[in-house]
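Inspection log for the structure reproduced underneath, given as structure tokens.
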Amino acid sequence: GPNHDALAAWLRSFDPTRPTHYEGAVRPEYGQMPYTLESLQRGRAATDIICPMYPPIDILENWATTTNDDRPFIMCEYSHAMGNSNGSLAEYWAVIEKYPGLQGGFIWDWVDQARVATNDRGEEYWAYGGDFGDSPSDLDFINNGLVFADRSPKPVLAEVARLFQPFKVESTHPLTGKVTVTSRMNFRPADGIELSWEIMADGQSLLCGSLPLPAIAPGASCEMDLSFAWTADQRMRILAGESVLNLEFRLREATAWAEAGHRLGWEQLVLNPLQASLTGGLADGLPVRGMGTGMGTGKPPLPASPHDWSLGFNDDGFLASLQTKRQEILAAPLVMNLWRAPTENDGLKNFIGLRDMPEFVFYVENKVMFEWLDHGLDELRFSLEQREGDVPRADQPAACLQLSHRVTSRTGHQCGFFHQTWSTGLRGPRASFIFDLDPALPELPRVGLACALVPGYEQVSWYGLGPEEGYADRK
């Protein structure tokens, strides 16, 4: 309104060196309604920046491709770092880097606001809102940093570092060793940096090397030849499996802000993609800690015979026993699952008992966790509708068992049907699952299977994305 315009005018006259920023000026005229292309053009008298808060990604692209507004587009907030969060950062930055008028935004925020406290047993814990006799309180809604209160990193920090790194690497044919390195720096040349590289095939290192990075000018690119010295055997191994070229950029010398060897960025280029489908089975062995399988020693697990396994199904129609080499693997049946632990952005768990209080509506509205709980997705009920065939056995390869369940939730909502087909494969039992879900269900936290394993399977290793934790929208 006119008061904001007058205040902004005084600020500009008092200090013309600083831009003004007011997010409310680019909202629709009344209230906190969603942004529109029209509202983003409002408020020129009050704000020098187009500064929306948590806008949908599509409005960024629509703005960049239609506007003639010359103000920079900088999101005052766009990603909330509470708990295990910050999904869709990569999607935001794909659009931001595509259009020069989009300058980025601010993640809320850097560090959890918590303090070390000690309970009656002398144990230390992170204390936050409400732990100091303060009421009313935002409870844990202040713990929304990219790092924990002691500055140790949360999983998302690796994603942020990857997206914000100062270098980009491209190659039309990386097997030749020729790559193009682009500096994303704006002001200084890329000097004092070492580029190291490593070729890996199916997770095993084959070849490595390093060379100094030229002093690439800000925003410029440089063609580099890594000069691979192949052997015939290495070439065959690269072409036989999945192989990648890993590159890392590290400081050659210590600076005022980081030690020598600090990693500035990395890239991974695929040399040969994975061609084979997943073919493992019980015949490949299951390593169990403390059972002589070599876990933790670098030795492969003891293989099981393709014929040395057995399945057992309970009266409810679920796999309740899975044995190999007469060792039981399951501690609880394998069942359909629609649940996962909610993240803090799914819903604030400390606010569950406050959701009906008007003053806390802001904290619970549009949070999917409450919809999941209202639908009872945390606990499913199964009714066996059909069971046909025989339980597969290693000595009866033609046996096949089909099971169908009607699925309801803890609160009585219809969830649909769950169909299982169990048979015998070349390397052990095989199963296929069909989730015929009710279309009236809300956005689902997960669709999959759940079981419990016997002691000895506490540690998991895998070949794939990592080592940091990931999500479907943060990988």
Side-chain angles (χ1 to χ4, degrees), residues 89-90 93-94 97 153 155-255 257-276 298 461-470 474-475:
L89 275 175
W93 278 90
E97 293 184 334
V156 68
L157 197 61
E159 178 95 344
V160 174
R162 176 72 174 85
L163 292 170
F164 292 1
Q165 68 184 25
F167 300 104
K168 181 173 68 173
V169 183
E170 298 171 296
S171 178
T172 56
H173 195 9
L175 272 170
T176 64
K178 293 180 172 58
V179 297
T180 301
V181 179
T182 300
S183 172
R184 300 169 67 193
M185 298 183 185
N186 292 317
F187 305 106
R188 53 161 293 177
D191 52 358
I193 297 168
E194 188 79 5
L195 171 59
S196 61
W197 56 269
E198 181 180 30
I199 293 175
M200 303 189 75
D202 294 328
Q204 301 297 315
S205 179
L206 290 186
L207 205 61
C208 62
S210 66
L211 67 165
L213 191 70
I216 307 172
S221 299
C222 176
E223 302 288 335
M224 300 188 66
D225 189 347
L226 304 181
S227 301
F228 299 151
W230 302 108
T231 66
D233 178 65
Q234 288 170 336
R235 243 181 212 285
M236 292 299 296
R237 289 186 62 184
I238 286 171
L239 297 176
E242 182 180 51
S243 55
V244 297
L245 169 63
N246 293 328
L247 303 107
E248 290 190 335
F249 300 88
R250 295 184 180 272
L251 288 176
R252 302 183 71 185
E253 298 179 359
T255 68
W257 53 272
E259 298 178 350
H262 174 75
R263 189 173 78 168
L264 299 172
W266 62 272
E267 186 57 80
Q268 185 176 82
L269 303 176
V270 176
L271 302 178
N272 193 53
L274 182 66
Q275 301 291 342
S461 61
W462 71 94
Y463 176 71
L465 299 178
E468 296 84 9
E469 298 176 29
R474 197 190 72 208
K475 58 183 179 180

Starting at [atom1] of [X], measure out to [atom2] of [Y] and round the result to the nearest 0.5 Å.
| X | Y | atom1 | atom2 | value |
| --- | --- | --- | --- | --- |
| Met224 | Thr180 | CE | OG1 | 10.5 Å |
| Leu163 | Arg474 | CG | CZ | 11.5 Å |
| Arg250 | Glu259 | CZ | CD | 12.0 Å |
| Leu157 | Phe164 | CG | CZ | 10.0 Å |
| Phe228 | Leu271 | CZ | CG | 6.5 Å |
| Leu213 | Leu247 | CG | CG | 10.5 Å |

Gly241 backbone acceptor or donor facing Asn272 side chain under 3.5 Å:
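Here the side-chain-to-backbone pair exists.
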Please list all pairs passing the side-chain hydrogen bond (donor to acceptor under 3.5 Å, both in side chains) test where one or both residues lie in residues 200-211, with sequence neighbours left out.
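side-chain hydrogen bond (donor to acceptor under 3.5 Å, both in side chains) check on residues 200-211 returns Glu194-Ser210, Glu198-Ser205.
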Scan for side-chain hydrogen bond (donor to acceptor under 3.5 Å, both in side chains) pairs involving residues 155-175, sequence neighbours excluded, and state none if there are none.
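The answer is Arg162-Glu267.
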Quick one, Leu207 with Ile238, criterion side-chain contact (heavy atoms from CB on, under 4.5 Å). Give me CA distance, side-chain angles, the key distance, then yes/no.
CA-CA 11 Å; Leu207 205 61; Ile238 286 171; over 6 Å; no
Nearest heavy-atom neighbours spanning [X] and [Y]:
| X | Y | result |
| --- | --- | --- |
| Trp266 | Phe249 | N-CD1, 4.4 Å |
| Leu206 | Ala201 | CD1-CB, 3.7 Å |
| Ser221 | Ile216 | N-CG2, 4.1 Å |
| Pro189 | Ala215 | CB-O, 4.2 Å |
| Gln234 | Ala229 | OE1-O, 3.8 Å |
| Gly219 | Thr182 | O-CG2, 4.4 Å |

Side chain to side chain contact (heavy atoms under 4.5 Å, CB included) against Ala258, all qualifying residues, sequence neighbours excluded
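Applying side chain to side chain contact (heavy atoms under 4.5 Å, CB included) to Ala258 gives Leu251, Thr255, His262.
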With side-chain contact (heavy atoms from CB on, under 4.5 Å) as the test, would you mind laying out the steps for Phe167 and Ile193 before giving the verdict?
CA-CA 11 Å; Phe167 300 104; Ile193 297 168; 3.3 Å; yes
Apply salt bridge (charged side-chain N to carboxylate O under 4.0 Å, His left out) to [X] and list each qualifying residue two or more places apart in sequence or on a separate chain.
| X | value |
| --- | --- |
| Glu97 | Arg184 |
| Asp225 | Lys178 |
| Arg263 | Glu248 |

So does Trp462 have more than 12 non-hydrogen atoms from other groups sitting under 6.0 Å from CH2?
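Open.
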More than 12 heavy atoms of other groups within 6.0 Å of Glu253 CD
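Check fails, neighbour count at 12 or below.
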